[in-house]
Amino acid sequence: MDETVAEYIRRTVLKIPRDEIKMVLQKWGFLSEAQLQTLNFHQMKDSISQEIVQLCEENSADIKQAAVLDIIYNHIYQDKRIWSVYQMKKSGEELEYFDITDFKKKFKRRIRSALKNVTITFKEYEDNAIWIRVAWGTPHKKPNQYKPSYVVYHSQTPYVFISASVLKSNMPLLCQALIVASNYRDIREMELRSHSLNSLKDIVFKTYSQNFQTYTTKPLQEGNVEPENADIRIVQENRSEKERIYRLTQEVFGSGPQPKLEFAQYKLETMFKSDPKMDVLDKKEPFRCLVKFSSPHLLESLKSLAPAGMADAPLSPLLTCIPHKARNYFKIREKKGSVPESFVSP
């Protein structure tokens, strides 16, 4: 076994929590159950990694097997990476039969036509997700296995989740390979980034019930994908408006996390305003009502109203006074210990 492969396997094992090393190796499936039984998982991780490397050497592990182990590690501990969402677009609305073999072949061919020194590894999962690991080299250097790009593509959907390496110059080639392999014609980066890959999936696949901020797609500036023409005045106006909303929201709610309130209510008393000539109201009495708010995280929900475009900025004082006068004007049900004393004091 090559020394670089052995070292990569060793370092991958060292990243795994000791109590979960056996579970990860079982998912890998490269070592037999009999070989796993010979391992002492109660010793130091460095000693465990050395023994695993020795067993891998007996099985003649290569870089492909090491790359599969790395994909399994990143699939299990996917929150350790930052993921971005890309959206692809077809020329028409027609649906095509997805052939995984054809997809892999086209993807490899497109990348290797431009760069020979590259390692490409695929692994399929039961939720129709194809995990792709690409370790990039240069025309004169072997692939750097420690700075690969990871791609998660759900077949027959237009969304791709990418955790890229520091080599941003390879992104256009990676995007071109994706649209060629999946038979799309365009790809755009969405302003959606998170450590939580599952949360990003919930948002774009619309499997999460909570409202989120509306994001706009941004054309990829490199490669063969041409950006759409945009009026610079409209772009500037939108940017200024977003900055204004952000500033006003920060002034009211601050930059830190909000106390976690679940329920608030207050009595509202106001006067109707109408044309005196119409004389709609016979009696000049105030209008009274009981206003209730409930949410798993009420203040964070209110804080997101203006940025999400669901309310004008600044918000009405009827909403913004909640975090400032909760003790005096509201009956608030909070989770024990979630609200600081300074917040609940009169």
What distance do [X] atom [atom1] and [Y] atom [atom2] have between them, rounded to the nearest 0.5 Å?
X	Y	atom1	atom2	answer
Lys242	Arg247	NZ	CZ	15.5 Å
Ile9	Leu14	CD1	CG	12.0 Å
Lys80	Ser163	NZ	OG	13.0 Å
Glu57	Asp2	CD	CG	10.5 Å
Ile179	Leu174	CD1	CG	10.5 Å
Gln26	Leu36	CD	CG	6.0 Å

Would you confirm whether [X], through its side chain, and [Y], through its main-chain N or O, come within 3.5 Å as a donor-acceptor pair?
X	Y	result
Arg18	Gln43	yes
Gln65	Asp62	no
Asn198	Lys201	no
Asn117	Thr138	yes

Any idea how Tyr77 and Tyr73 line up, ring-wise: parallel (<30°), tilted (30 to 60°), or perpendicular (>60°)?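 Tilted, since the angle between the ring planes falls between 30° and 60°.
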Lys106 and Asn183: side-chain donor and acceptor closer than 3.5 Å?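 Yes - a donor-acceptor pair under 3.5 Å links their side chains.
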Gln54 and Gln50 side chains, donor-acceptor separation under 3.5 Å: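 No, no side-chain donor-acceptor pair sits under 3.5 Å.
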Just wondering, are more than 12 heavy atoms of other shown residues or ligands nearer than 6.0 Å to CD1 in Ile76? yes
Lys105 atom NZ: more than 12 heavy-atom contacts under 6.0 Å: no
Flag the pair Asp46 and Arg10 as a salt bridge only when some basic side-chain nitrogen lies within less than 4.0 angstrom of an acidic carboxylate oxygen.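 The answer is yes: the pair qualifies as a salt bridge.
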Salt-bridged, Arg239 to Glu243, with N to O below 4.0 Å?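 Salt bridge absent between Arg239 and Glu243.
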Would you mind reporting whether [Y] and [X] have side-chain heavy atoms less than 4.5 Å apart?
X	Y	result
Ser182	Met88	yes
Arg110	Leu173	yes
Val13	Lys45	no
Trp136	Asn144	no
Phe103	Tyr153	yes
Ser155	Ile100	no
Asn74	Arg81	yes
Arg185	Lys89	yes

What closest approach, in Å, do [X] and [Y] show between heavy atoms, and which atom pair accounts for it?
X	Y	answer
Met1	Ala61	CG-O, 3.2 Å
Ile187	Cys175	CG2-CB, 3.7 Å
Asp70	Lys15	OD1-NZ, 4.1 Å
Ile52	Ile21	CD1-CG2, 3.9 Å
Ala135	Pro143	O-CB, 3.4 Å

Are Phe98 and Val151 connected into the same hydrophobic cluster when the rule is that any two of I, L, V, M, F, W, Y join if their side-chain heavy atoms are below 4.5 Å apart? yes
Is there a path of hydrophobic side-chain contacts, each under 4.5 Å between heavy atoms of I/L/V/M/F/W/Y residues, joining Ile71 to Met23? yes
Does the side-chain hydrogen bond (donor to acceptor under 3.5 Å, both in side chains) test come out yes or no for Asp186 and Gln87, once each step is laid out? CA-CA 8 Å; Asp186 192 11; Gln87 184 177 17; over 6 Å; no
Which pairs count as ring pair (Phe, Tyr, Trp, His ring centres under 6.0 Å) when at least one residue sits in residues 6-48, sequence neighbours excluded? Tyr8-Tyr146, Trp28-Phe30
How would you list, by chain and number, every residue that makes a side-chain hydrogen bond (donor to acceptor under 3.5 Å, both in side chains) with His75, sequence neighbours excluded? none
Are Tyr159 and Tyr86 close enough that their ring centers fall under 6.0 Å? no
Determine, stepwise, if the pair Tyr150 / Gln78 fulfils side-chain contact (heavy atoms from CB on, under 4.5 Å). CA-CA 10 Å; Tyr150 301 88; Gln78 53 195 239; over 6 Å; no
Run the side-chain donor-acceptor check on residues 119-132: report pairs under 3.5 Å with partners two or more places apart or on a different chain.
| unit_1 | atom_1 | unit_2 | atom_2 | d |
| --- | --- | --- | --- | --- |
| Thr119 | OG1 | Gln145 | NE2 | 3.2 |
| Glu124 | OE2 | Lys104 | NZ | 3.0 |
| Asp127 | OD1 | Ala129 | N | 3.3 |

Between Val24 and Leu69, is a side-chain contact (heavy atoms from CB on, under 4.5 Å) present by the stated rule, with each step listed? CA-CA 8 Å; Val24 174; Leu69 175 61; 4.0 Å; yes
